[in-house]
Amino acid sequence: MDDGRVSKAVAVVACAAMALFYVAVLYAPTVILRLPPPPSFKNFMIRRFVCAAISSVVSVIVSALLLHMKSRDVSSLLSVYGIRTDHIWQAVVFPLLLTALVYAGSLVLKALMLVSSLTEDMNYGGGFSFEYIKNVSQEAVACTRTMASNVLVWRNYIVAPITEELVFRACMIPLLLCGGFQKSTVIFLCPIFFSLAHLNHLMEVYSKQNHNLIKAFMVIGLQLGYTVVFGSYASFLFIQTGNFLAPLVAHAFCNFMGLPVLVSRGKGLIAVASVAGIVGFLWLLFPMTYPDLYNDRTDNCRCWQGYCSGN
């Protein structure tokens, strides 16, 4: 590939177009193709999965054309988007542990609720026994099967994280960096495109809030604020590690956990855990995302133009 330089204007316009296309293509089947409404919610979501996949492929092709990639080596081409086969466990474990620190309060609360539930079940079922273990195992298997067939689980933890990280991080960040933007600028610019892509939820929220425009804007404002914060963090992970898996696992984990629980009435331990987790997150943010952890040699790393080396 050549130097891949693009102008700042072209990079910004391309990123804005990708964000708009990611949303617009979701409505293409009914608005443009005039297809009949899906017969079920599951079919509706599957149609959206296909649309998101199409948007992702188009974004990859557009960014590849703008970056003037000439190499025919598949490994080199994929590494531009952070898709690599090296340092996989580091790209999964370290960002996941780091992100979990923000949810320390939530995790402690879930642990307390789980212990309480298990204790109650044991007392009701006559204590800890082989039969109790068997029943818990059967319930766990049944729950897993239910989740595997739930279309919302696929959307929240698989399709949305993969397609959104591919478009809004893997495709946009190389464009913006090669457009001459500084890393710090990209970290805060990329989430703007990411948050704009969530504005399509306005009408849905508006109807859920009984057509109260003020409440709808408050809910959307909270959602946009959260997406900007998370988008900045995900962009930081991608730039620091040069690996697509890093923001992907963080995205899926955040979707699973929801908003962090900072306090809980009658449970001071939750507040203590939350504060300790946030302090730990800030303390370990740079050490756990140090480029050397994710690349054999940061002066010859496998991400786009060596930007994970801190140059």
> How many angstroms lie between atom CG of L262 and atom CD1 of I278, to the nearest 0.5 angstrom?
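The distance works out to 5.5 Å.
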> Hey, are the side chains of V60 and C171 touching, using non-hydrogen atoms and a 4.5 Å cut-off?
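Yes, side chains in contact.
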> Is there a side-chain contact between L107 and M257, using heavy atoms and a 4.5 Å cut-off?
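Yes, close enough: below the 4.5 Å cut-off.
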> Could you tell me the separation between the CG atom of L245 and the CD1 atom of I88, rounded to the nearest 0.5 Å?
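Output value for this atom pair is 6.5 Å.
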> Does any part of the side chain of P95, heavy atoms only, come nearer than 4.5 Å to the side chain of Y294, both counted from C-beta?
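Side chain of Y294 against side chain of P95, heavy atoms only: contact under 4.5 Å found.
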> Sequence neighbours excluded, which residues qualify as ring-ring contact (aromatic ring centres under 6.0 Å, His included) partners of Y81?
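Per chain and number, Y81 pairs via ring-ring contact (aromatic ring centres under 6.0 Å, His included) with no residue.
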> Out of curiosity, does V275 fall in the hydrophobic cluster containing W283 (side-chain heavy atoms, cut-off under 4.5 Å, transitive links)?
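No; V275 is not reachable from W283 via cluster members.
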> Indicate the atoms forming the closest heavy-atom contact of R47 with T30, along with that distance.
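Of all heavy-atom pairs spanning R47 and T30, the closest is NH1-CG2, 3.8 Å.
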> Walk me through it: do V228 and I192 pass the test side chain to side chain contact (heavy atoms under 4.5 Å, CB included)?
CA-CA 6 Å; V228 168; I192 294 178; 5.7 Å; no
> Between F238 and C190, is any pair of side-chain heavy atoms under 4.5 Å apart?
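F238 vs C190: side chains apart.
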> Could you walk me through whether W154 and I46 pass side chain to side chain contact (heavy atoms under 4.5 Å, CB included), step by step?
CA-CA 10 Å; W154 282 85; I46 291 175; over 6 Å; no
> Are M45 and V50 grouped together when hydrophobic residues (ILVMFWY) are joined by side-chain heavy atoms under 4.5 angstrom apart?
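Yes; V50 is reachable from M45 via cluster members.
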> Just by distance, no angles: are the side chains of N295 and R84 close enough, under 3.5 Å, to form a donor-acceptor pair?
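Looking only at side-chain atoms, R84 and N295 do form a donor-acceptor pair, the distance falling under 3.5 Å.
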> Supply the atom-to-atom distance S59 OG to I54 CD1, rounded to the nearest 0.5 angstrom.
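Separation between the atoms: 11.5 Å.
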> Short question: side chain of N255, backbone of N156 - any donor-acceptor pair under 3.5 Å?
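Yes, because the side chain of N255 sits within donor-acceptor range (under 3.5 Å) of the backbone of N156.
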> Shortest non-hydrogen contact from L293 to Q90?
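Where L293 meets Q90 most closely, the heavy atoms are O-CG, 3.5 Å.
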> Under a 4.5 Å side-chain heavy-atom rule over Ile, Leu, Val, Met, Phe, Trp and Tyr, are F188 and V167 clustered together?
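Yes, F188 and V167 fall within the same hydrophobic cluster.
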> At their closest point, which heavy atom of C51 faces which heavy atom of P29, and how far apart are they?
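Shortest heavy-atom contact: SG-CG, 3.6 Å.
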> Do V186 and S235 have side chains that get closer than 4.5 Å, going by heavy atoms?
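SC-SC contact between V186 and S235 ruled out.
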> Shortest non-hydrogen contact from A19 to M172?
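Heavy atoms of A19 and M172 come nearest at N-CE, 3.9 Å.
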> With sequence neighbours excluded, what pairs up with Y103 under the ring-ring contact (aromatic ring centres under 6.0 Å, His included) test?
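If we apply the ring-ring contact (aromatic ring centres under 6.0 Å, His included) test to Y103, skipping adjacent residues, the hits are F253.
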> For residues 37-57, which residue pairs qualify under ring pair (Phe, Tyr, Trp, His ring centres under 6.0 Å), counting only residues two or more places apart or in two chains?
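Passing the test, one end in residues 37-57: no pairs.
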> Roughly how far, to the nearest 0.5 Å, is OG of S56 from CD1 of I61?
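It comes to 11.0 Å.
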> Hydrophobic clusters here meaning ILVMFWY residues chained together by side-chain heavy-atom distances under 4.5 Å, can you tell me if V93 and V249 are in one?
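Shared cluster, yes.
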> Examine L259 and L152 and state if one hydrophobic cluster contains both, with Ile, Leu, Val, Met, Phe, Trp and Tyr joined whenever side-chain heavy atoms are less than 4.5 Å apart.
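Yes, same cluster.
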> Indicate the ring-plane relationship of Y233 and F230, choosing parallel, tilted or perpendicular according to the 30° and 60° boundaries.
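Rings of Y233 and F230: perpendicular, as their planes differ by over 60°.
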> Using side-chain contact (heavy atoms from CB on, under 4.5 Å) as the criterion, list what pairs up with I270, not counting sequence neighbours.
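side-chain contact (heavy atoms from CB on, under 4.5 Å) check on I270 returns V108, L109, L112, V261, S264, K267, S274.
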> Where is the tightest heavy-atom contact between T289 and F236, given as atom of each residue plus distance?
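Scanning both residues completely, I find the closest heavy atoms to be OG1-CE2, 3.4 Å.
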> Can you name the residues that form a side-chain contact (heavy atoms from CB on, under 4.5 Å) with V153, not counting sequence neighbours?
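Partners of V153 under the side-chain contact (heavy atoms from CB on, under 4.5 Å) test: M147, N150, Y157.
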> Please determine which of F193, F244, F21, F194 meets the ring pair (Phe, Tyr, Trp, His ring centres under 6.0 Å) test together with F168.
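Testing F168 for a ring pair (Phe, Tyr, Trp, His ring centres under 6.0 Å) against F193, F244, F21, F194 leaves exactly one candidate, F194.
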> Residues two or more places apart in sequence or in another chain: which of them pass side-chain contact (heavy atoms from CB on, under 4.5 Å) with L101?
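By the side-chain contact (heavy atoms from CB on, under 4.5 Å) rule, L101 matches L98, F281, L284.
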> Within this structure, what is the CG-SG distance for the pair L66 and C178, rounded to the nearest 0.5 Å?
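One gets 10.5 Å once the value is rounded to the nearest 0.5 Å.
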> Quick one: do C254 and T99 satisfy side chain to side chain contact (heavy atoms under 4.5 Å, CB included)? Show the steps, please.
CA-CA 8 Å; C254 288; T99 307; 3.7 Å; yes
> Measure across G179 and A11 and return the closest heavy-atom pair with its distance rounded to 0.1 Å.
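G179 and A11 have their closest heavy atoms at CA-CB, 4.4 Å.
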> Between M18 and L175, is there a side-chain heavy-atom distance shorter than 4.5 Å?
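In short, these two side chains touch, coming nearer than 4.5 Å.
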> State the NZ-OG1 distance between K8 and T185, to the nearest 0.5 angstrom.
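OG1 of T185 is found 7.5 Å from NZ of K8.
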